[in-house]
Amino acid sequence: MHMQPEELGEWYVKLQETGHVHNINLVTPEHVVPQVVLSILHAKTLGLTLPIVYNTSSFDSLASIELLDGLIDIYLPDFMVWNVATSKRLLKAEDYAEVARKSIKAMYRQVGDLCFTPDGLAKKGVLLRHLVMPGFEDEGKQIMQWLAQNVSTDLYVHVMEQYHPRAHVGKRRRGSLGQSVSNPELSEQLRYADINRAVRLEEVHSVSQAAREAGLWRFAEAAEHGGHNI
């Protein structure tokens, strides 16, 4: 569905007028940031007062984050992995962690620590998410240490445990253009076999403990409906 920025802004206001939403949540909009900016500016002229949430993988350009300064109330970034080899293999982006570090610091400079309304709804700030991956808890620990040392020990953090194999994980290897691998031994191998399992609670707890030891203390708890009170 194609929509002009002004039309998108009008939808924000329509959602506000229903009275059943707490914010406008923009999910991974890095590729359309200029249009998002125009949509927010237009919506504000129409009376939009709801918080704007920027929900992102953190693989954002600093130019995009700068464009959003003063328009985004809540940044909801992920910090997925730490090592270059891991991001290259799993995310196909070897510079992911470097980009994420810069982006997260820029987001934090704009909106600071997460704060809430008197009834417990998030109002402004950063809520950082880390999905613990099976066997990669050491990278999660490094992420927590970096956040505490380079962003803020008051940063609101959600250490997530809901990883489960999806998409290509656990599937048989394929050759080029979808052809089966000719080598019988290779054809029996599973793609991303090391993460072809659910994460263990002890792995999640080890990352949470590392976060506490690093000085972080504000942790998100899932709401009863499975989301967050934002």
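All residue numbers in this chain count up from 1 along the given sequence. Please read all numbers here as calculations on a predicted model, not as lab measurements.
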Peer 1: Roughly how far apart are E202 CD and Q209 CD, rounded to 0.5 Å?
Peer 2: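 That separation rounds to 14.5 Å.
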
Peer 1: Looking only at atom types and distance, does a side-chain atom of S87 sit under 3.5 Å from a main-chain N or O of L91, one as donor and one as acceptor?
Peer 2: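 Checking the backbone N and O of L91 against the side chain of S87, no donor-acceptor pair under 3.5 Å is found.
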
Peer 1: Could you pull out the closest heavy-atom pair between I195 and Y163, with the gap in Å?
Peer 2: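 That closest heavy-atom pairing would be O-OH, 2.7 Å.
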
Peer 1: For the rings on Y156 and F116, is their centre-to-centre separation under 6.0 Å?
Peer 2: yes

Peer 1: Taking the side chain as everything from C-beta on, heavy atoms only, tell me whether F79 gets closer than 4.5 Å to V151.
Peer 2: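 Not in contact.
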
Peer 1: Hey, could you give me the CD/CG distance between Q145 and N150, rounded to the nearest 0.5 Å?
Peer 2: 11.0 Å

Peer 1: How far does CG of D95 sit from NZ of K88, to the nearest 0.5 angstrom?
Peer 2: 11.5 Å

Peer 1: Kindly determine whether R89 and Y192 satisfy side chain to side chain contact (heavy atoms under 4.5 Å, CB included), including the steps that lead there.
Peer 2: CA-CA 9 Å; R89 184 170 69 92; Y192 307 108; 3.9 Å; yes

Peer 1: Roughly how far apart are E137 CD and M144 CE, rounded to 0.5 Å?
Peer 2: 12.5 Å

Peer 1: Measure from the side-chain N and O atoms of R129 to the backbone N and O of H158, and report whether any donor-acceptor pair falls under 3.5 Å.
Peer 2: no

Peer 1: Of all the heavy-atom pairs spanning A122 and L114, show the shortest one and how long it is.
Peer 2: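 What the structure gives for the nearest pair is CB-CD1, 4.0 Å.
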
Peer 1: Is any NZ, NE, NH1 or NH2 atom of the basic residue among K102 and E98 found under 4.0 Å from an Asp or Glu carboxylate oxygen of the other?
Peer 2: yes

Peer 1: Once ring pair (Phe, Tyr, Trp, His ring centres under 6.0 Å) is applied, do any residues pair with Y54, and if so which ones, sequence neighbours excluded?
Peer 2: Y75

Peer 1: Between Q16 (side chain) and G47 (backbone), is there a donor-acceptor pair under 3.5 Å?
Peer 2: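 Checking the backbone N and O of G47 against the side chain of Q16, a donor-acceptor pair under 3.5 Å is found.
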
Peer 1: Is any side-chain heavy atom of H42 closer than 4.5 Å to a side-chain heavy atom of T45?
Peer 2: yes

Peer 1: State, to 0.1 Å, how close V199 and E161 come at their nearest heavy-atom pair, and which atoms those are.
Peer 2: CG1-O, 3.1 Å

Peer 1: Distance check, rounded to the nearest 0.5 Å: I52 atom CD1 versus L26 atom CG?
Peer 2: 6.0 Å

Peer 1: I want to check something: taking the side chain as every heavy atom from C-beta on, are L68 and V37 in contact at a cut-off of under 4.5 Å?
Peer 2: yes

Peer 1: Evaluate the side-chain proximity of L147 to H130: yes if any heavy-atom separation is below 4.5 Å, no if none is.
Peer 2: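 They are not in contact (no side-chain heavy atoms under 4.5 Å apart), so the answer is no.
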
Peer 1: Among residues at least two apart in sequence or on other chains, which ones pass side chain to side chain donor-acceptor pair (under 3.5 Å) with N83?
Peer 2: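 Applying side chain to side chain donor-acceptor pair (under 3.5 Å) to N83 gives E139.
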
Peer 1: In terms of hydrophobic clustering (I, L, V, M, F, W, Y; side-chain heavy atoms under 4.5 Å; direct or indirect links), are L48 and M3 co-clustered?
Peer 2: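 Yes; M3 is reachable from L48 via cluster members.
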
Peer 1: If Ile, Leu, Val, Met, Phe, Trp and Tyr residues are connected whenever their side-chain heavy atoms lie under 4.5 Å apart, and connections chain through other members, are L38 and L46 in the same group?
Peer 2: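 Different hydrophobic clusters.
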
Peer 1: Would you say the side chain of I74 lies within less than 4.5 Å of the side chain of V111, judging by non-hydrogen atoms?
Peer 2: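 In short, these two side chains do not touch, never coming nearer than 4.5 Å.
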
Peer 1: Apply the test side chain to side chain contact (heavy atoms under 4.5 Å, CB included) to residues I40 and Y12: give CA-CA distance (whole Å), side-chain angles for both, the deciding distance (0.1 Å), then the verdict.
Peer 2: CA-CA 8 Å; I40 296 172; Y12 301 162; 4.1 Å; yes

Peer 1: Indicate the atoms forming the closest heavy-atom contact of I104 with P77, along with that distance.
Peer 2: CG1-CB, 4.2 Å

Peer 1: Hey, is the main chain of W146 close enough, under 3.5 Å, to the side chain of R101 for a donor-acceptor pair?
Peer 2: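 Not at all, since once roles are kept as given, no pair shorter than 3.5 Å links the two residues.
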
Peer 1: Using the side chain to side chain donor-acceptor pair (under 3.5 Å) criterion, which residues pair with D113? Sequence neighbours excluded.
Peer 2: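 Expected list: Y108, S152.
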
Peer 1: For D78, does its backbone N or O pair with a side-chain atom of S58 as donor and acceptor, under 3.5 Å?
Peer 2: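 Checking the backbone N and O of D78 against the side chain of S58, a donor-acceptor pair under 3.5 Å is found.
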
Peer 1: Assess whether side chain to side chain contact (heavy atoms under 4.5 Å, CB included) is satisfied between V21 and N25, documenting all intermediate values.
Peer 2: CA-CA 10 Å; V21 297; N25 193 333; over 6 Å; no

Peer 1: Verify whether one side chain among E30 and T56 offers a donor that lies under 3.5 Å from an acceptor in the other.
Peer 2: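 E30 vs T56: no donor-acceptor pair found between side chains.
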
Peer 1: Measure the shortest side-chain to side-chain distance between M107 and D60 over non-hydrogen atoms and say whether it is less than 4.5 angstrom.
Peer 2: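 Counting from C-beta outward, M107 and D60 do come under 4.5 Å.
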
Peer 1: If only atom types and distance count, is the side chain of E203 paired as donor or acceptor with the main-chain N or O of G135 below 3.5 Å?
Peer 2: yes

Peer 1: Minimum heavy-atom separation for A198 to P134, with atom names?
Peer 2: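 Minimum heavy-atom contact is O-CB, 4.2 Å.
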
Peer 1: Hey, quick one: are W11 and I72 part of the same hydrophobic cluster, counting side-chain heavy atoms closer than 4.5 Å, chains of contacts allowed?
Peer 2: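 Yes, W11 and I72 fall within the same hydrophobic cluster.
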
Peer 1: Just verifying a value: how many Å separate E213 CD and K141 NZ, rounded to the nearest 0.5 Å?
Peer 2: 8.5 Å

Peer 1: Decide, yes or no, whether a salt bridge links K124 with D73 under the criterion of side-chain N to carboxylate O below 4.0 Å.
Peer 2: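 Answer for the salt bridge query: no.
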
Peer 1: Under a 4.5 Å cut-off applied to non-hydrogen side-chain atoms, are L67 and V36 in contact?
Peer 2: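 Counting from C-beta outward, L67 and V36 never come under 4.5 Å.
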
Peer 1: Are L8 and L41 connected, step by step, through hydrophobic side chains (Ile, Leu, Val, Met, Phe, Trp, Tyr) whose heavy atoms are closer than 4.5 Å?
Peer 2: yes

Peer 1: Identify the two heavy atoms, one from Q110 and one from G70, that lie closest to each other, and give their separation to 0.1 Å.
Peer 2: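 Between these two residues, the closest heavy atoms are OE1-N, 4.5 Å.
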
Peer 1: Less than 4.5 Å apart, side chain to side chain, heavy atoms only: is that true for F219 and R212?
Peer 2: yes

